[in-house]
Amino acid sequence: MEFSHFNEQGRARMVDVSDKEITKRSASAKSKVIMNPGTLEAIRSGRVSKGDVLAVAQVAGIMAAKQTSDWIPMCHPLPLTGIDISFSDNSKDELYIEATVKTTGKTGVEMEALTAVSAAALTVYDMCKALQKDMVIGPTMLVSKSGGKNGDYELEA
């Protein structure tokens, strides 16, 4: 197996995508934050002293997706054409975060989707840590991706 992120000297490199075809690409990722029922209820009712947790987490996720190449060394900077982040919960102790990121380009947006949900989850933690320090983030995973020469991917349920 040949590794694409190493040059002939065995050193890290950013893959050259110059000759790749431009296609529509999309990726979705999800994560969750496990918390006490009281913490989730404070989020749902808007009683967290730092403000609207989900609104801030949504903006954080969008900002993070746009800055993924600044966080992940071998990611290409991409002109993202769409970012959508949604939240749901189990009405008890789990907050679910899902992000879908889109572009038209030569490389995929899987890392951008994963970065979006990760930043959103970390923001939820940051805004609620005064209420609860033992929240658990994860698992975080790619749900689906489309476009590109490797084809589509769908997480098996």
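Just so it is clear, the values below take in all heavy atoms, side chains as well, and ignore hydrogens, waters and symmetry mates. All residue numbers refer to positions in the sequence shown, counting from 1.
- Summarising the geometry, atom CG belonging to D134 is positioned 14.5 Å from atom NZ belonging to K129; distances are rounded to the nearest 0.5 Å.
- By the side chain to side chain donor-acceptor pair (under 3.5 Å) test, N90 is found to be paired with D93, residues two or more places apart in sequence or in another chain being considered.
- Considering only heavy atoms from C-beta on, V33 stays 4.5 Å or farther from Y125 through its side chain.
- Side-chain contact check for H76 versus V17: some heavy-atom pair is nearer than 4.5 Å.
- Contact of the M35 side chain with the C128 side chain is not registered, since no non-hydrogen atoms from C-beta on lie closer than 4.5 Å.
- A heavy-atom distance below 4.5 Å is not found between the side chains of E110 and V101.
- We find that K102 and D84 are not joined by a salt bridge, their nearest charged nitrogen and carboxylate oxygen being 4.0 Å or further apart.
- In this view, D16 and S18 satisfy the side chain to side chain donor-acceptor pair (under 3.5 Å) rule, not counting sequence neighbours.
- Under the side chain to side chain contact (heavy atoms under 4.5 Å, CB included) criterion, Y153 pairs with L142, K145, L155, not counting sequence neighbours.
- A 4.5 Å side-chain heavy-atom check between R25 and T23 finds at least one atom pair inside the cut-off.
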#### Entry: Stepwise salt bridge (Lys or Arg N to Asp or Glu O under 4.0 Å) check, K32 with D89
CA-CA 9 Å; K32 73 177 171 183; D89 62 71; over 6 Å; no
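- With contacts defined as side-chain heavy-atom distances shorter than 4.5 Å, the pair D152/S144 does not qualify.
- Although no hydrogens or angles enter the test, the distance criterion places a donor-acceptor pair under 3.5 Å between the side chain of D52 and the main chain of A55.
- Distance CD/E112 to OG1/T100: 13.0 Å, rounded to 0.5 Å.
- Among residues two or more places apart in sequence or in another chain, the salt bridge (charged side-chain N to carboxylate O under 4.0 Å, His left out) test is passed with E41 by none.
- Counted by atom type alone, E98 and Y96 present zero donor-acceptor pairs between their side chains at under 3.5 Å.
- Remark: side-chain polar atoms of Q58 are paired, donor with acceptor, to backbone N or O of I85 under 3.5 angstrom.
- At a threshold of 4.5 Å between non-hydrogen side-chain atoms, the residues V124 and M127 do not count as touching.
- Between R44 and S91, the side chains place a donor N or O and an acceptor N or O closer than 3.5 Å (distance only, hydrogens not considered).
- L122 and M111 fall into different hydrophobic clusters, defined by Ile, Leu, Val, Met, Phe, Trp and Tyr side-chain heavy atoms under 4.5 Å apart, directly or through other members.
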May I have the list of side-chain donor-acceptor pairs in residues 59-75 shorter than 3.5 Å, sequence neighbours left out?
from: T68; atom 1: OG1; to: A64; atom 2: O; distance (Å): 3.2
from: T68; atom 1: OG1; to: A65; atom 2: O; distance (Å): 3.0

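- Evaluation of the side chain to side chain donor-acceptor pair (under 3.5 Å) rule for S88 yields no partner, not counting sequence neighbours.
- Looking at K50, its side chain does come within 3.5 Å of a backbone N or O of D126 through a donor-acceptor pair.
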